[in-house]
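All values below come from the heavy atoms of this structure, side chains included, with hydrogens, waters and symmetry mates left out.
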Amino acid sequence: MNILRAILLIVSLYLVSQVYTFYVRYRNAQKTGLRIVWAPLDPFGMPFMTLINILRPIMAYLPDSLSLGSKLMDLEWSWKSDDKYQKELGLNFLVVTPARTVMITGDPVAIAHILQKRKEFPKPKLYEVLDIFGRNVDSVNGEDWARQRKITAPCFNEKVSSLVWDESLRQSRQMVSSWLSAPNGIVSNMTDDTRIVALHVLTSAGLGISHDFSQGARKPTEGHTMSHRDSLMMVLHNFIPVIFAKKMGKMAQFLGPTIRKAGIAAKEFEQYMDEMIAHERESMQKSGDVSKPNLISTLIRTSDQSKDGGPNALKLSDDEIKGNLFIFNFAGHDTTANTLAYAFANMALHPEVQEWVAEELAEVLRDEEQPVYEDVYPRLKRAQAVMYETIRLYGPAPMMPRDILPNTPIQITNPEDSSKEATIVLPEVFSVSLNPHAAQTSSSVFPSPKSFMPGRWIKPGASLNDETLLPAPLGYTPWSHGPRICPGMKFSQVEFTAVLSTVLRTCRIEPSMKANLYGAKGMDTELCKKEVRALIRDSGLHGGTLCMRNPADLCLRIVKR
């Protein structure tokens, strides 16, 4: 009985302390003058991250009056609601939890300000889930970030962009050939093919290893039970199980099939990286350390040459090399693959956009069998506009969390006069969650914001060659912004443009549906479009990035021009 009383007393004291803490946070939040919503769980805590997949369908059926705070803590809510809640609660508002207070901002002024100030707004511990194989340039802060940035940034240069262009052309030609050989030209699970293209481009331009589209990373190599692709995808889409498996070691095999498979995938993928590093070091020794224009060569050379350079030398440990290789795979593979899949699906719904891009391709590429990167890429403005528009609507990270140093001023749009700016100071322990998707789907930034309109990015000229690709407006941040802008931005843009150009130069894309795979005929075009739209809209965060929940159901028909 005494033990029970003691337990009840401890629980009661804990609950009282939580209520008091929440009260203090709420009072401090009121001082800012911003609208306030409350939530019962810490959005960046492990309980919420673990339970969110269970809570999400429950919250969907609850009215906002009961679950608004919890909905706003879900990193998917922005994608689902566009700028709805920013309109209702303001460009900047607060969510108070017992653990922290979070300022959510869809304000272009605030987003730009916060991303420019990396020291005042560091990345939170949440990003440490990306340290599965080693600390990397995307997860670290401060001087550690500055060191890693100096080493990794030179990896992405114009020589690499030229390699990306050539390999993207080669891979996409093989992909198109595969599509055209499909029965009736109907392709299902197109995302699987765009992932292979993206992974093969990355392994070629990034690691110096070339594969054919139909082979390569699809199959396990000697000494492996999983392919490079399958092990990577398992890791990317199962961060929490992989973390458990890595921490538990051999005990992971007793924690259920999901964690066991995640542990195997992590081990397999790390082995692939170890083999790539060993292969590159051996190749460099044999060639007398001749410079190679790929990512892994730059990382290893910089690290190895600096190991005896003293405490201030720029260098990476082998774990940091693997950590950055993983980030290159994460940021340079899944995101580009998903963007291509979304673009092709939207092209099927908008044939007029296909012809608009094809007109540019005919003018720029003409009869060139092997277009040269330096000559044609800068002129393919409409193709680049398609990427800008696709990633505006389907950006890989709808929300971007940041920590904030206490009493740091933030520039925001003046709530009383949107043509002016104001400054707000957040006291005590606050976090910030940037909502770029709201800014990118706001009618105040983009007219007809929910429409797929790549032409909005082009300023017409006297002729097609005189057209101009317009700069991104404030608040458009799919590759982030400021000093921590994605170093692989040009890599992804070149790859996307090359693949899209290859496909639309030779093919038209039409909507289809799964029933057509089994011989159904006379399928109504509007019905096919409706199914494609539904599959696009049924998207969510999977492994930290936005993607279609059921990509295998996406069916498109590829017709030769």
Side-chain angles (χ1 to χ4, degrees), residues 78-79 82-83 106 108 111-112 115 156 161 164-165 168 194 198 331-332 335-350 352-361 364 376-398 400 434-461 464 467-482 485-504 509 536 539 545-547:
S78 174
W79 153 252
D82 295 327
D83 67 338
I111 291 172
L115 292 178
F156 300 94
S161 292
V164 170
W165 175 263
S168 298
T194 57
T335 55
T336 304
N338 286 326
T339 303
L340 282 166
Y342 281 121
F344 290 140
N346 276 279
M347 287 287 187
L349 299 174
H350 297 277
E352 73 283 358
V353 175
Q354 293 187 59
E355 299 312 308
W356 178 70
V357 176
E359 181 185 16
E360 176 184 71
L361 297 176
V364 174
V376 301
Y377 172 75
R379 298 165 60 199
L380 294 175
K381 300 156 193 169
R382 293 182 180 181
Q384 293 177 56
V386 171
M387 184 180 199
Y388 276 42
E389 182 70 351
T390 303
I391 210 166
R392 177 184 75 82
L393 291 167
Y394 312 99
M400 300 165 60
L434 310 184
N435 184 6
H437 184 73
Q440 291 166 195
T441 54
S442 169
S443 58
S444 64
V445 182
F446 294 95
S448 302
K450 296 181 183 179
S451 299
F452 182 75
M453 297 167 51
R456 73 172 81 240
W457 295 97
I458 297 294
K459 180 181 179 180
L464 191 150
E467 290 181 343
T468 305
L469 187 65
L470 294 171
L474 203 65
Y476 181 81
T477 55
W479 290 281
S480 192
H481 180 68
I485 192 170
C486 174
M489 179 176 70
K490 185 69 173 290
F491 190 113
S492 66
Q493 291 172 338
V494 171
E495 179 182 345
F496 181 97
T497 303
V499 174
L500 184 74
S501 299
T502 301
V503 173
L504 294 186
I509 307 171
I536 292 173
S539 295
T545 57
L546 184 73
C547 58

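The shortest side-chain heavy-atom distance between I509 and L504 falls under the 4.5 Å cut-off. The side-chain heavy atoms of Y476 and V445, taken from C-beta on, include no pair separated by under 4.5 Å. The side-chain heavy atoms of F496 and L340, taken from C-beta on, include a pair separated by under 4.5 Å. Using a 4.5 Å heavy-atom cutoff, the side chains of W479 and T335 are not in contact. With a 4.5 Å cut-off on side-chain heavy atoms, F446 and P473 count as touching. Looking at I458 and T468, their side chains never come closer than 4.5 Å, going by heavy atoms from C-beta outward. Contact annotation: the side chain of F452 never approaches that of L349 to less than 4.5 Å [non-hydrogen atoms, C-beta and beyond]. No side-chain heavy atom of H437 sits under 4.5 Å from any side-chain heavy atom of L546.
Heavy atoms only, all atoms of each residue included: P398 and P436 are closest at O-CD, 3.2 Å. The nearest pair of heavy atoms linking S78 to A438 is OG-N, 4.0 Å. Shortest non-hydrogen contact noted between P454 and W356 is CB-CZ3, 3.7 Å. Scanning both residues, S501 and A383, for their nearest heavy atoms gives OG-CB, 4.1 Å. The shortest non-hydrogen separation linking I536 to A345 is CD1-CB, 3.6 Å.
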Listing, residues 387-395 side-chain donor-acceptor contacts under 3.5 Å, not counting sequence neighbours, or none:
unit_1: E389; atom_1: OE1; unit_2: R392; atom_2: NE; d: 2.9
unit_1: E389; atom_1: OE1; unit_2: R456; atom_2: NE; d: 3.1
unit_1: E389; atom_1: OE1; unit_2: W457; atom_2: NE1; d: 3.0
unit_1: E389; atom_1: OE2; unit_2: R392; atom_2: NH2; d: 2.9
unit_1: E389; atom_1: OE2; unit_2: M453; atom_2: N; d: 2.8
unit_1: E389; atom_1: OE2; unit_2: R456; atom_2: NE; d: 3.1
unit_1: E389; atom_1: OE2; unit_2: R456; atom_2: NH2; d: 3.4
unit_1: T390; atom_1: OG1; unit_2: V386; atom_2: O; d: 2.7
unit_1: R392; atom_1: NH1; unit_2: Q440; atom_2: O; d: 2.6
unit_1: R392; atom_1: NH1; unit_2: P449; atom_2: O; d: 2.7
unit_1: R392; atom_1: NH2; unit_2: P449; atom_2: O; d: 2.8
unit_1: R392; atom_1: NH2; unit_2: S451; atom_2: O; d: 3.1
unit_1: Y394; atom_1: OH; unit_2: N346; atom_2: ND2; d: 3.4

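Taken to the nearest 0.5 Å, the OG1 atom of T477 stands 5.0 Å off from the CE atom of M400. With rounding to the nearest 0.5 angstrom, the CD atom of E352 is 9.5 Å from the CE atom of M347. Here CG of N338 is found 5.0 Å from SG of C547. Values are rounded to the nearest 0.5 Å. Distance check: T497 OG1 to K490 NZ gives 10.0 Å after rounding to the nearest 0.5 Å. Note that CD of E495 and OG1 of T194 are 9.5 Å apart. Values are rounded to the nearest 0.5 Å. To the nearest 0.5 Å, atom CG of residue L434 and atom OG of residue S480 are 8.0 Å apart.
Side-chain atoms of Y377 and S161 form no donor-acceptor pair, as typed in the model, at a separation below 3.5 Å.
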Salt bridge (Lys or Arg N to Asp or Glu O under 4.0 Å) between K381 and E360, intermediate numbers included: CA-CA 8 Å; K381 300 156 193 169; E360 176 184 71; over 6 Å; no
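Remark: the backbone N or O of Q384 is not paired with any side-chain donor or acceptor of Q493 at under 3.5 angstrom. In this structure, W79 contributes its side chain and S539 its backbone to a donor-acceptor pair below 3.5 Å.
For L470, the side-chain contact (heavy atoms from CB on, under 4.5 Å) test picks out K459, with sequence neighbours left out.
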